[in-house]
2 protein chains.
Amino acid sequence: MDELDHRIVDLLQRDGRATQLELSRSVGLSQPAVAERIRKLEERGIITGYTARVDASKLGKDITAFIGVSIEHPKYFEGFARKVLAMPEVLEAHRVAGQDSYILKVRTRNTKTLDTLLVETLRTISGVTRTHTTIVLTSIKEETYIHVSPEELKGA
Amino acid sequence: MDELDHRIVDLLQRDGRATQLELSRSVGLSQPAVAERIRKLEERGIITGYTARVDASKLGKDITAFIGVSIEHPKYFEGFARKVLAMPEVLEAHRVAGQDSYILKVRTRNTKTLDTLLVETLRTISGVTRTHTTIVLTSIKEETYIHVSPEELKGA
DNA sequence: AGTGAAAACCACTTAAT
DNA sequence: ATTAAGTGGTTTTCACT
């Protein structure tokens, strides 16, 4: 993982459909060299896939919310994890340090569907004692782009 | 935006490098018809781009945290927004309803860089009165995939 | 708006250095 | 890692439905 790999990863995060030839011109390598580096980046699991970014609101998902979930005992963690993995409205689920056991990020059609999610789905999962919902009013930034500065790559 | 568009968007979210021919076989259209639909989906801003997904921890970013930020008066909102847009460690910034004014999602190299971010950057922004940090222990789900069910597409 | 056929173009792979 | 060559595939275009 050197400076050139870093730049390739950077460029592919910006344009996941960039061709090897385009990338080779940007980084100053030959195109087969870029092909080989991409192959290794994928093999090592640094690049995990490629996706189209979509505008959620244009697909009818207008509500974003963060939900803190308290669970009464760790024995319920596994069952909870299994349930949220199966819920398509849950984009993220993180176990966290602090008062809540989990923080979820959800995207729903409207407040009614959010309500249904909360009371009919989440609150019925074993061990869930409390949920605390924070509704997003406007998102000023929402990206997945990982900025990698050269000094941070030493161990990679 | 009909059922076929929906399926194309779904497939491209799963594989952003799928070819028009592959997509055409999956949805049962001719390949030029798929090309035209993709062109329109991009033109209408439903598909906003394509990116490579990367493993943040393999790029040396081990810490994920959510930071609630209180701002003393709305007049500071714009300046705050401008600052966080310029911070590469901030992946998401949402203005929210509730006690906090903003929720940030950040990804940093380690706890030391998180600390620096908090005390040297965030807390020095005008109007910020309080921050409340929640550290992620493990992420059980983290995706951007928007699930679109057919009934939800009526207005799109 | 979709189809089929064909053209033009380009991407990726392989081989040799 | 590079260049060069070759192959296969992807996208574009067009005439037609």
Side-chain angles (χ1 to χ4, degrees), chain A residues 1-55 57-60 144-145 148-156, chain B residues 1-55 58-60 144-146 148-156:
Chain A
M1 191 79 199
D2 61 8
E3 170 67 16
L4 292 169
D5 281 333
H6 152 221
R7 286 176 56 197
I8 290 168
V9 169
D10 182 80
L11 291 163
L12 282 172
Q13 283 192 91
R14 294 174 197 271
D15 177 9
R17 298 198 68 133
T19 66
Q20 296 174 355
L21 188 63
E22 287 167 345
L23 296 170
S24 71
R25 287 177 184 138
S26 299
V27 303
L29 279 177
S30 68
Q31 175 262 314
V34 169
E36 181 63 7
R37 280 169 180 266
I38 292 173
R39 195 189 62 71
K40 285 180 183 158
L41 287 165
E42 291 171 349
E43 187 186 70
R44 294 162 61 197
I46 291 166
I47 293 174
T48 58
Y50 302 87
T51 65
R53 259 184 281 116
V54 304
D55 184 325
S57 69
K58 288 190 175 151
L59 290 175
T144 54
Y145 174 78
V148 188
S149 48
E151 327 81 73
E152 291 178 351
L153 293 167
K154 292 293 151 56
Chain B
M1 191 79 198
D2 60 9
E3 171 65 15
L4 292 170
D5 282 333
H6 151 221
R7 286 175 57 196
I8 289 168
V9 168
D10 182 78
L11 291 163
L12 282 173
Q13 282 192 93
R14 293 173 198 271
D15 177 9
R17 300 197 66 133
T19 65
Q20 297 171 357
L21 188 62
E22 287 167 346
L23 296 169
S24 71
R25 287 177 183 140
S26 300
V27 303
L29 280 176
S30 69
Q31 176 263 313
V34 169
E36 180 64 8
R37 279 169 179 265
I38 292 173
R39 195 190 63 71
K40 285 179 183 161
L41 287 165
E42 291 171 350
E43 186 185 71
R44 292 161 63 197
I46 291 166
I47 293 174
T48 60
Y50 302 87
T51 61
R53 260 184 281 118
V54 303
D55 183 325
K58 289 192 174 148
L59 290 175
T144 54
Y145 174 79
I146 304 293
V148 188
S149 49
E151 329 79 75
E152 292 177 349
L153 293 165
K154 292 291 152 57

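Order of the sequence lines fixes the chain letters, A, B, ..., with proteins taken first and strands second; residue numbering starts at 1 for each chain.
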Residue-phosphate contact under 4.0 Å: [X] side-chain N/O, [N] OP1/OP2:
X	N	answer
A/Arg17	D/dT11	yes
A/Arg37	D/dA1	yes
A/Gln20	C/dA11	no

Please classify the nucleic acid contact of A/Ser30 as base, sugar-phosphate, or nothing, using heavy-atom distances under 4.0 Å. base
Applying a 4.0 Å non-hydrogen cut-off, can you work out what A/Glu36 is touching in the nucleic acid: base, sugar-phosphate, or nothing? nothing
Any side-chain donor-acceptor pair under 3.5 Å between A/Arg14 and A/Tyr145? yes
Between [X] ([atom1]) and [N] ([atom2]), how many Å, whole number?
X	N	atom1	atom2	answer
B/Gln31	C/dA8	CD	C1'	13 Å
B/Leu21	C/dG2	CG	C1'	16 Å
B/Leu29	C/dG4	CG	P	11 Å
B/Ile8	C/dG2	CD1	P	9 Å
B/Arg25	C/dG4	CZ	P	13 Å
B/Glu22	D/dG9	CD	P	11 Å
B/Met1	C/dA1	CE	C1'	16 Å

Assess the residue pair A/Ile38 and A/Leu12 against the criterion (side chain to side chain contact (heavy atoms under 4.5 Å, CB included)); give the C-alpha distance rounded to whole Å, side-chain angles, the decisive distance to 0.1 Å, and a yes or no. CA-CA 10 Å; A/Ile38 292 173; A/Leu12 282 172; 4.2 Å; yes
Without swapping roles, check the side chain of B/Gln13 against the backbone of B/Ile146 for a donor-acceptor pair under 3.5 Å. yes
Main-chain N/O of B/Ser26 paired with B/Arg7 side-chain donor or acceptor, under 3.5 Å: yes
May I ask you to say whether B/Lys40 pairs ionically with B/Glu43, meaning some side-chain N is under 4.0 Å from a carboxylate O? no
Looking only at the side chain of A/Thr19 (C-beta and beyond, no hydrogens), which of the listed nucleotides C/dT13, C/dA11, C/dA5 gets closest? C/dA11
Picking from D/dA1, C/dG2, D/dT3, the nucleotide nearest the side-chain atoms of A/Pro32 would be D/dT3
